[in-house]
Q: 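First the structure, which I've put down as structure tokens, then a few questions once you've had a look.
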Amino acid sequence: MTIEQKKISLINWITNLEDEVILDQIAGIQKLSLDDLPPAIVELLSIADAEPEENLTTHTSVRDILK
């Protein structure tokens with residue numbers, strides 16, 4: 001399995017999760033990994049996180065995101 005396939009598989013798995021405890025654990029891993037990102041990327045992620053909910057784009061399919 002390629003790294004791209006692994007990412008898509010993980011995205012699909014996370015999308016179907018309904019266990020909030022597991023989602024919180026994943027979010028914790030995500031926050032820990034921010035230390036490894038370049039400061040400019042962290043800044044962009046912070047800006048995106050501050051965006052109001054009504055301005056966000058809802059993605060319903062990994063295939064739509066990858067197009």
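The basis for the numbers below is simple: all heavy atoms, side chains too, and nothing from hydrogens, waters or symmetry mates.
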Q: Where do Thr15 and Ile11 come nearest, in terms of heavy atoms and distance?
A: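 So the two residues come closest at OG1-O, 2.7 Å.
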Q: Give me the other members of the hydrophobic cluster that Leu10 sits in, counting Ile, Leu, Val, Met, Phe, Trp and Tyr linked by side-chain heavy atoms under 4.5 Å, directly or via other members.
A: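 The other cluster members (ILVMFWY side chains, heavy atoms under 4.5 Å, direct or chained) are Trp13, Ile14, Leu17, Ile22, Leu23, Ile26.
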Q: Locate the shortest heavy-atom distance separating Gln5 from Met1; write the atom from each residue and the value.
A: OE1-CA, 3.3 Å
Q: Among residues at least two apart in sequence or on other chains, which ones pass side chain to side chain contact (heavy atoms under 4.5 Å, CB included) with Gln30?
A: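 Once residues adjacent in sequence are excluded, Gln30 has no partner under the side chain to side chain contact (heavy atoms under 4.5 Å, CB included) criterion.
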Q: Side-chain donor-acceptor pairs under 3.5 Å in residues 38-54, sequence neighbours left out?
A:
residue	atom	partner	partner atom	Å
Ser46	OG	Val42	O	3.0
Glu51	OE2	Asn55	ND2	2.8

Q: Applying side-chain hydrogen bond (donor to acceptor under 3.5 Å, both in side chains), can you list everything that pairs with Glu20, at least two apart in sequence or on another chain?
A: none
